[in-house]
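Numbered from 1 within each chain, the chains take letters A, B, ... in sequence-line order.
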There are 2 protein chains.
Amino acid sequence: MKAKITLKDIARELEVSISTVSKALKNSEEISRDTKEKVQAFAKLYNYKPNNIAISLKNKRTKNIGVVIPDIVHHFFTTVIRGIEKYANAKGYNVIVCLSEESFDKEVINMEMLANGSIDGFIMSLSSETQRKGDYNHLKEVTEQGIPVVLFDRITQEVECDKVVIDDELGAYQATKKFIDQGKKKIALITTDDYLSVSKERTNGYLKALQESALGVNEDLMLKMDSMEMDEQAIKDFLNEQEPDAVLCVNEIFAVYSMRLVQEKGLKIPEDIAFIGFTDGVLSKYANPSLTVVAQHGEKMGEVSAQMLIDKIESEAEEETYQTKILEPTLVIRDSIAH
Amino acid sequence: MKAKITLKDIARELEVSISTVSKALKNSEEISRDTKEKVQAFAKLYNYKPNNIAISLKNKRTKNIGVVIPDIVHHFFTTVIRGIEKYANAKGYNVIVCLSEESFDKEVINMEMLANGSIDGFIMSLSSETQRKGDYNHLKEVTEQGIPVVLFDRITQEVECDKVVIDDELGAYQATKKFIDQGKKKIALITTDDYLSVSKERTNGYLKALQESALGVNEDLMLKMDSMEMDEQAIKDFLNEQEPDAVLCVNEIFAVYSMRLVQEKGLKIPEDIAFIGFTDGVLSKYANPSLTVVAQHGEKMGEVSAQMLIDKIESEAEEETYQTKILEPTLVIRDSIAH
DNA sequence: GAATAATACGAAAACGTTTTAGTGTTGACA
DNA sequence: TGTCAACACTAAAACGTTTTCGTATTATTC
């Protein structure tokens with residue numbers, strides 16, 4: 001086991017000062033060619049690598065980004081992480097991932113843990129509990145300390161920071177409109193409670209499309225689930241009672257599960273009943289029939305978030321201007337609707 | 001914007017020394033009750049939190065774990081991360097996630113980046129390229145520096161370190177045996193090339209079960225895909241030519257895709273042809289029919305890995321004893337086989 | 001030959017902690 | 001009154017860097 005070598009070790013070995021070693025390794029003009037060559041050769045031989053922690057302490061820059069998300073076993077979030085990781089890594093940053101598991105307390109603890117010097121900035125998506133409580137003091141504290149924050153997807157207007165979302169309302173609007181254009185008459189919505197910012201937006205888009213149409217809104221055709229968990233019985237009852245001919249679901253799982261239910265009843269997809277979900281994950285692609293979805297472009301979202309964050313981190317300026325980037329959703333047409 | 005307060009600030013404000021402040025905050029016996037109360041009150045008022053970086057530099061402990069995996073948009077790996085995160089977080093550790101994207105070079109770069117002080121240990125699963133090349137020098141260098149490493153799932157015997165795997169051979173053996181017991185005669189295997197340690201193990205289990213049975217091995221019934229990518233045409237051709245009555249796939253995607261293919265041909269699952277896959281992900285659960293799988297218990301694997309790593313990190317002893325933990329796979333029975 | 005400039009290097013502070021080894025003051029005891 | 005211990009605190013080193021400022025030596029100029 002050979003321990004890491006430090007500047008001090010090199011200095012002692014070569015009988016020069018630490019400053020000389022440091023400068024020599026940086027190819028400073030101050031140091032003679034002879035000394036530089038000697039030091040660099042020695043450093044290379046012993047595989048010297050500067051200690052990141054020491055540099056962080058000196059520079060007050062860690063080159064770490066904290067990512068706090070509610071859940072990682074979720075296709076959308078993993079694609080976002082991938083996008084963040086890609087961009088961040090190319091810029092020499094590491095990504096520290098923390099999971100809030102939809103819990104307010106965990107979100108707070110994780111942020112506090114990271115905010116004490118471990119990271120240069122946060123990228124996060126709010127836990128459902130946080131959105132329900134509407135308590136954003138942990139975010140405000142962090143921004144007040146001058147730590148940049150980028151919120152994505154599950155955001156709030158109550159915190160001043162950069163934000164990245166897709167136009168969820170537009171996505172739901174386009175999907176609903178698609179159903180209307182295809183002559184569907186009983187267009188249902190399966191969603192979660194409105195405290196989730198995204199669910200609310202999506203519901204709005206659904207409502208808007210229906211209001212603009214001849215169909216109008218029928219509250220009975222809207223199923224609001226209490227939590228993110230699948231309540232299989234609730235969906236079953238809902239579909240049996242309402243017998244819609246089209247269903248918009250706020251995620252893939254609701255959609256795929258619903259498809260199986262109606263298929264068991266002998267209905268044909270998309271002739272008898274059509275489906276559109278949100279999130280372009282593996283489920284949608286490999287479902288039978290494959291599911292038409294509103295793609296959220298998670299990877300792009302991650303990249304944009306990382307870019308905004310790193311720009312803020314690296315900009316010397318203390319401008320307090322924040323922007324919200326709105327990405328366009330795309331309808332990915334598959335076999336769960338006519339085409 | 002209020003900047004973070006340091007020990008020095010408190011010391012100056014209260015006209016005591018930095019050491020006194022440090023000790024007072026630690027409730028040291030050396031400090032008088034008066035002073036302790038004064039310091040602690042002040043610290044609380046100004047929300048003092050020690051700087052993690054400074055502590056890391058002092059202690060030579062970062063309380064960070066580096067996780068290097070090939071891919072994050074993959075259910076198995078995300079469950080492992082969740083397991084790691086859960087355990088690590090409970091122990092006060094943060095998780096830095098790096099993606100090798102199945103690339104040897106990225107794996108090396110990521111490890112080098114983290115090995116210079118950023119983390120206390122690694123948990124990793126090898127990239128396919130690394131396994132193909134068989135070059136593990138980056139791992140050896142790290143272990144030689146005394147940085148503990150835990151390999152999981154995609155491992156190698158060429159590096160001395162702790163390891164966690166599931167018994168892939170046993171899983172495949174049990175699955176194949178299940179088919180045999182159910183009277184299947186033409187049992188096919190769809191796998192990837194053998195350089196992936198897990199594929200090899202699974203193939204062995206499949207072969208072993210067949211050899212022990214009256215059926216024996218038929219090489220034609222084995223399809224080896226070149227890469228992890230789905231080659232849809234290859235699978236289509238294979239199924240058409242061989243017409244198996246049972247198929248074991250090394251992942252969910254191969255299985256779900258295959259199921260759709262045979263359903264389009266009018267075959268009934270599981271009567272005409274049965275399927276078992278690996279990885280208990282969302283796809284298996286929501287596929288139609290739902291897919292029987294060999295569950296890999298990713299979350300458990302993550303927890304065990306994190307536990308082994310943190311034990312090593314925190315054990316003072318310099319024992320050079322390494323263990324390999326083998327987790328038992330479980331067959332999760334669903335509708336893609338008779339039951 | 002003296003003043004100046006250029007060269008090559010080192011000392012020391014700084015980042016924010018922790019911790020060891022003092023140090024000065026007080027009170028008790030013989 | 002001198003010794004010793006207890007108490008409450010401080011100085012300083014250490015972790016591994018970077019960087020500013022200072023300085024000794026040599027070279028250049030008039």
Side-chain angles (χ1 to χ4, degrees), chain A residues 3-40 42-43 46-64 92 113-120 145-146, chain B residues 3-40 42-43 46-64 92 113-120 145-146:
Chain A
K4 283 250 132 180
I5 192 176
T6 69
L7 289 185
K8 197 194 268 187
D9 298 328
I10 302 182
R12 184 174 4 87
E13 224 51 45
L14 262 38
E15 299 185 305
V16 292
S17 75
I18 295 179
S19 1
T20 303
V21 177
S22 175
K23 288 170 189 166
L25 290 174
K26 297 202 133 45
N27 247 312
S28 160
E29 290 300 314
E30 273 184 77
I31 307 297
S32 74
R33 177 197 278 251
D34 270 11
T35 311
K36 278 197 278 196
E37 278 174 2
K38 194 175 59 175
V39 171
Q40 289 171 5
F42 190 92
Y46 287 92
N47 192 30
Y48 169 78
K49 294 277 165 52
N51 180 305
N52 290 333
I53 299 291
I55 293 179
S56 293
L57 183 59
K58 189 93 244 288
N59 300 349
K60 302 185 150 223
R61 282 284 170 80
T62 63
K63 286 261 178 181
N64 285 157
M113 195 160 167
L114 295 179
N116 299 312
S118 299
I119 50 100
D120 296 338
Q145 280 171 31
Chain B
K4 285 249 131 182
I5 191 175
T6 70
L7 289 185
K8 197 195 269 187
D9 298 329
I10 303 182
R12 186 174 3 86
E13 224 51 45
L14 262 38
E15 299 186 306
V16 292
S17 75
I18 294 179
S19 359
T20 304
V21 177
S22 175
K23 287 172 186 165
L25 290 174
K26 298 201 132 46
N27 247 313
S28 160
E29 291 299 313
E30 274 184 80
I31 306 298
S32 72
R33 178 197 276 253
D34 270 10
T35 311
K36 279 198 278 196
E37 278 174 2
K38 194 175 61 175
V39 171
Q40 288 172 4
F42 190 93
Y46 286 94
N47 192 30
Y48 169 79
K49 293 278 165 50
N51 180 305
N52 290 333
I53 299 291
I55 293 179
S56 293
L57 183 58
K58 189 91 241 288
N59 300 349
K60 300 182 152 228
R61 282 284 171 80
T62 62
K63 287 262 181 180
N64 285 156
M113 196 162 168
L114 294 179
N116 298 312
S118 300
I119 49 101
D120 296 338
Q145 279 171 33

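- Lys23(B) comes within 4.0 angstrom of a base, heavy atoms only.
- The bend of the helix from dG1(C)-dC30(D) to dA30(C)-dT1(D), defined by the angle between the axes of its first five and last five pairs, stands at 80° to the nearest 10°.
- Comparing Thr20(B) and Ile53(B) by the nucleotide of DNA chain C whose heavy atom lies nearest to each, the residue mapping closer to the 5' end is Ile53(B).
- Here Thr6(B) lies in heavy-atom contact (under 4.0 Å) with sugar-phosphate atoms only.
- Contact annotation: Ser32(B) side-chain N/O to dC7(D) OP1/OP2 distance is not under 4.0 Å.
- Between the Asn51(B) side chain and the Ser118(A) main chain, no donor and acceptor come within less than 3.5 Å of each other.
- With hydrogens and angles disregarded, a donor-acceptor distance shorter than 3.5 Å links the side chain of Gln40(B) to the backbone of Ala24(B).
- Looking at Lys36(B), its side chain does come within 3.5 Å of a backbone N or O of Ser28(B) through a donor-acceptor pair.
- The only option from Ser22(A), Ser19(A), Pro50(A) that meets the side chain to side chain contact (heavy atoms under 4.5 Å, CB included) definition with Leu7(A) turns out to be Ser22(A).
- Taking the side chain as every heavy atom from C-beta outward, Thr35(A) and Thr20(A) approach each other to under 4.5 Å.
- Residues Val39(B) and Leu25(B) form a side-chain contact, since some pair of their non-hydrogen atoms from C-beta on lies under 4.5 Å apart.
- The distance from atom CD1 of Ile18(B) to atom C1' of dA13(D) is 13 Å, rounded to the nearest whole Å.
- With a 4.5 Å cut-off on side-chain heavy atoms, Val21(A) and Val16(A) count as touching.
- In this structure, the NZ atom of Lys38(B) is 8 Å from the P atom of dC9(D), given to the nearest Å.
- Protein chain A contacts DNA chain C over a range whose 5' and 3' limits, counting nucleotides with an atom under 4.0 angstrom from a non-hydrogen atom, are dA8(C) to dG16(C).
- One finds a side-chain N or O of Lys26(A) lying less than 4.0 angstrom from the OP1 or OP2 phosphate oxygen of dT18(D).
- Side-chain atoms of Thr62(B) and Ile53(A), non-hydrogen and from C-beta on, do get closer than 4.5 Å to each other.
- Take the nearest nucleotide of DNA chain D for Lys49(A) and for Ser19(B): the residue whose nucleotide is more 5' is Ser19(B).
- When each of Leu7(B) and Val21(A) is assigned the nucleotide of DNA chain C bearing its nearest heavy atom, the one mapping closer to the 5' terminus is Val21(A).
- The separation between Lys36(B) atom NZ and dC9(D) atom C1' is 13 Å, rounded to whole Å.
- If Leu57(B) and Asn59(A) are placed on DNA chain D by their nearest nucleotide, the residue sitting closer to the 5' end is Leu57(B).
- Between Ile5(B) and Asn47(B), every side-chain heavy-atom pair lies at or beyond the 4.5 Å cut-off.
- Using a 4.0 Å heavy-atom cutoff across all strands shown, Thr35(A) reaches sugar-phosphate atoms only and no base atom.
- Backbone-only engagement by Lys60(A) is indicated by non-hydrogen atom pairs under 4.0 Å involving sugar-phosphate atoms exclusively.
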